[in-house]
Protein chains: 2
Amino acid sequence: MEKVNLQDAFDAVKEPWSPRLAGELNGQAVKLARADGEFVWHHHDDADELFLVVDGRLRIEFRQAPDVTLEAGEFVVVPGGVDHRPVADAEDGAEILLFEPAGTSNTGDVDSELTAEPERLD
Amino acid sequence: MEKVNLQDAFDAVKEPWSPRLAGELNGQAVKLARADGEFVWHHHDDADELFLVVDGRLRIEFRQAPDVTLEAGEFVVVPGGVDHRPVADAEDGAEILLFEPAGTSNTGDVDSELTAEPERLD
């Protein structure tokens, strides 16, 4: 059983919007991502998704609900099927931890140049 | 979609070792607990359990592996079936976030005076 230090792990996450796999349990994945600027609008048909901001600030836009802005130490659960777009406006972007079913695509129903398979962190 | 601020939420967690429910997704629960002193040895037959320390320090003892000591911003996944005992020695204890299947008992296979159903945070 190896512990993960989030700050050390984020040091290895260079590319924005390209989640890295930091752990797996009960068929769920713990992913770490660097957010910078606007992501793409998308949804996940059958997967709820938790966003926890570890550093920085992340705004999550919804088509049919008010935006939610997360500061460090704040999380929100986006239910499956809900269109959303994460945006990190601040200069340094944001470091975010995601919990979601293993195998969930980062761009959900959308095929985008930002679609990426999560590589495992060393 | 309501965000959760971890520090605000922990302010409502008074009792040590009595997890409160802070979110649910994909059949999994996000629980917040205050750790203080020694918990009981136990395991969860069919549930992996993630411990993330938000504040303080938590040592997790294992019968057949070295202890893992988590500082704030560190997590570990304890696989199902593995006997473990969380211990928070520091004077102020520790604030921990748990991620595990909904319905997981805090004391696993053991019936203890510390066994507690998680109440939902307001």
Side-chain angles (χ1 to χ4, degrees), chain A residues 1-11 21-30 32 44 46-55 57-80 82-84 95 97-104 121, chain B residues 1-11 21-30 32 44 46-55 57-80 82-84 95 97-104 121:
Chain A
M1 279 156 293
E2 294 271 327
K3 72 176 180 181
V4 174
N5 177 292
L6 291 176
Q7 275 317 309
D8 290 349
F10 274 114
D11 286 347
L21 188 61
E24 283 188 278
L25 67 162
N26 307 306
Q28 312 290 307
V30 180
L32 304 181
H44 308 281
D46 299 312
D48 309 326
E49 190 169 37
L50 182 148
F51 294 82
L52 169 65
V53 171
V54 176
D55 194 47
R57 178 185 297 131
L58 184 74
R59 185 174 73 251
I60 306 181
E61 299 176 351
F62 302 100
R63 294 198 192 276
Q64 302 190 344
D67 298 353
V68 172
T69 298
L70 303 173
E71 311 281 347
E74 296 185 332
F75 76 82
V76 73
V77 174
V78 178
V82 171
D83 275 311
H84 58 285
E95 293 176 345
L97 182 153
L98 303 162
F99 280 131
E100 59 190 14
T104 301
L121 282 162
Chain B
M1 281 156 293
E2 294 273 326
K3 72 176 179 181
V4 174
N5 177 292
L6 291 177
Q7 275 318 311
D8 291 348
F10 275 114
D11 286 346
L21 188 61
E24 284 188 277
L25 67 162
N26 306 305
Q28 312 290 308
V30 180
L32 304 181
H44 308 279
D46 299 311
D48 309 327
E49 190 169 36
L50 182 148
F51 293 82
L52 169 66
V53 171
V54 175
D55 193 46
R57 177 186 296 129
L58 183 74
R59 183 173 77 250
I60 306 180
E61 300 176 351
F62 301 102
R63 294 197 192 277
Q64 303 189 344
D67 299 351
V68 172
T69 298
L70 302 172
E71 310 279 348
E74 296 185 333
F75 77 82
V76 73
V77 174
V78 178
V82 172
D83 275 310
H84 58 286
E95 292 175 345
L97 182 153
L98 302 163
F99 190 58
E100 60 191 13
T104 301
L121 281 162

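Protein chains get the first letters and strands the later ones, always in sequence-line order, with residue 1 at the start of each.
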In terms of heavy-atom contacts, does CZ of B/R59 have more than 12 from other residues, nucleotides or ligands at under 6.0 Å? yes

Interchain contact, A/V53 with chain B, by part (heavy-atom threshold 4.5 Å): neither

So with a 6.0 Å cut-off around CG of B/D46, is the heavy-atom count from everything else above 12? no

Contacting moiety of A/F99, where chain B heavy atoms sit under 4.5 Å: both

For the side chain of B/K3 and the backbone of A/V68, is there at least one donor-acceptor N/O pair under 3.5 Å apart? no

For A/E2 and B/V76, which heavy atoms make the closest approach, and how far apart are they? O-CG2, 3.7 Å

Just so I understand: if I count every heavy-atom pair under 4.5 Å between each of A/L25, A/V54, A/L70, A/L6 and chain B, which residue has the most? A/L25

Got B/F75 and A/V30 here, is their nearest side-chain heavy-atom distance under 4.5 Å? yes

Please flag which part of B/D8 lies under 4.5 Å from any non-hydrogen atom of chain A: side chain, backbone, both or neither. neither

Between B/A22 and chain A, which part of the residue has a heavy atom less than 4.5 Å away: side chain, backbone, both or neither? both

Answer yes or no: is there a side-chain heavy-atom contact under 4.5 Å between A/P66 and B/M1? no

Chain A heavy atoms under 4.5 Å from B/L52: which part of the residue, side chain, backbone, both or neither? side chain

Just so I understand: if I count every heavy-atom pair under 4.5 Å between each of A/A9, A/P101, A/P79 and chain B, which residue has the most? A/P101

Would the distance check show the side chain of A/N26 and the main-chain N or O of B/D48 forming a donor-acceptor pair, the cut-off being under 3.5 Å? yes

